[in-house]
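Scroll down for the structure; my scribbles are underneath it.
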Amino acid sequence: KAGVTQTPRYLIKTRGQQVTLSCSPISGHRSVSWYQQTPGQGLQFLFEYFSETQRNKGNFPGRFSGRQFSNSRSEMNVSTLELGDSALYLCASSSSYGYTFGSGTRLTVV
Amino acid sequence: GIQVEQSPPDLILQEGANSTLRCNFSDSVNNLQWFHQNPWGQLINLFYIPSGTKQNGRLSATTVATERYSLLYISSSQTTDSGVYFCAVASGGSYIPTFGRGTSLIVHP
C-alpha cells in the first residue's frame, strides 16, 4: 500500500507570489489534513478535508486555502506569500488507527 | 483547546541507554499518537494508543487516560533513534490532534 505522497519536496518562492502544494492520501482514505511546522510555533493544524468538503479549519488567515478532489487528492494554496510562511507543510491521511503523514513540502519564502 | 505538554524538551544519551518520554494532556482523550520525526522531516507513526500499553521492538508506550498522561519508553537506544518525538492528542468533541512541542533526542555512539 503506497503511503502519503506530497509534492513538491522543496520550493523557493518570492514574497507576494502564490504557491500550490499537493497531497495524495493512502488509497481508500478519504480524510486529508494539513499542518504547518515552524521552529517557533511547532506543528499547527491548518485544515481537514473529507469527501471534497472542508470539515475543520485551524486558526490561519484566509490566504491559506485548500480543496479536495473526487479521488481524495488534496491541494493547499497560499496566496500573497509572506516571509513568515516559510515552513514545512505536512499532509496526513487518517483512518480509525490514526494519522499517517507524508514527507512534507519545505517552503522557503525569500 | 487541549494543552499537550511534553518532557523533557531535550535528551542526550549514549548508545545503549534507556529513556522515558512523557506527555501530559489537559482533557479527556479521544485518540493519542506518538510520532518520531527524523532529520529529513518525515513524521513516522510509532503508536496509536488512546489507552493501555503497546510494544514494538525496543519501543513501548503506555497511556493512562484517567490520569491524563502517556509515556514512551525507548530501550537500548541506537543512533538511529535520534530525532524529535511528538505526542499528538485529540480530545473532547474533536478528533483533530493537537501536537506537543516535542522531545529532541540525540543518541551518541
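By the rule that hydrophobic residues join a cluster once side-chain heavy atoms approach within less than 4.5 Å of another member, B:V84 and A:Y89 end up as members of separate clusters. A continuous path of hydrophobic side-chain contacts links A:L21 to A:V78 [ILVMFWY only; heavy atoms under 4.5 Å]. Under the 4.5 Å side-chain contact rule for hydrophobic residues, B:L59 and B:L32 share a cluster. If you chain together hydrophobic residues whose side chains sit under 4.5 Å apart, B:V107 and B:Y73 never meet in one group. Residues B:F47 and B:F25 share a hydrophobic cluster, clusters being chains of Ile/Leu/Val/Met/Phe/Trp/Tyr side chains in contact below 4.5 Å.
Residue B:R58 places its CZ atom among more than 12 non-hydrogen atoms of other residues, nucleotides or ligands, all under 6.0 Å distant. For B:I44, the CD1 atom counts as densely surrounded, since its 6.0 Å shell holds more than 12 non-hydrogen atoms of other residues, nucleotides or ligands. Within a 6.0 Å sphere centred on CG of A:N59, heavy atoms belonging to other residues, nucleotides or ligands number 12 at most.
Contact of the A:F101 side chain with the B:Q37 side chain is not registered, since no non-hydrogen atoms from C-beta on lie closer than 4.5 Å.
Of the atoms belonging to B:P97, heavy atoms from both backbone and side chain fall under 4.5 Å from chain A. Looking at A:L90, only its side chain comes within 4.5 Å of chain B, counting heavy atoms on both sides. At a 4.5 Å heavy-atom cutoff, the contact between B:Y95 and chain A is made by backbone and side-chain atoms alike. Only the backbone of A:S96 has a heavy atom closer than 4.5 Å to any heavy atom of chain B. Only the backbone of A:Q41 comes within contact range of chain B, with at least one heavy atom under 4.5 Å from a heavy atom of that chain.
For the atom pair B:I96 CD1 and A:R55 CZ, the distance stands at 7.0 Å (nearest 0.5 Å). B:L43 contributes atom CG, which lies 8.0 Å from atom CG of A:L88 (distance to the nearest 0.5 angstrom). We find the CD-CZ distance between A:Q44 and B:F99 to be 12.0 Å, quoted to the nearest 0.5 Å.
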Discussion item. Between A:Y99 and B:Y48, does the ring-ring contact (aromatic ring centres under 6.0 Å, His included) criterion hold? Intermediate values first, please.
Written reply: CA-CA 9 Å; A:Y99 280 45; B:Y48 174 79; 9.6 Å; no
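Using modelled atom types and a 3.5 Å distance limit, the side chains of A:Y97 and B:N45 yield no donor-acceptor pair.
If you tally non-hydrogen atom pairs under 4.5 Å between each of A:S94, A:G104, A:S103 and chain B, the highest count goes to A:S103.
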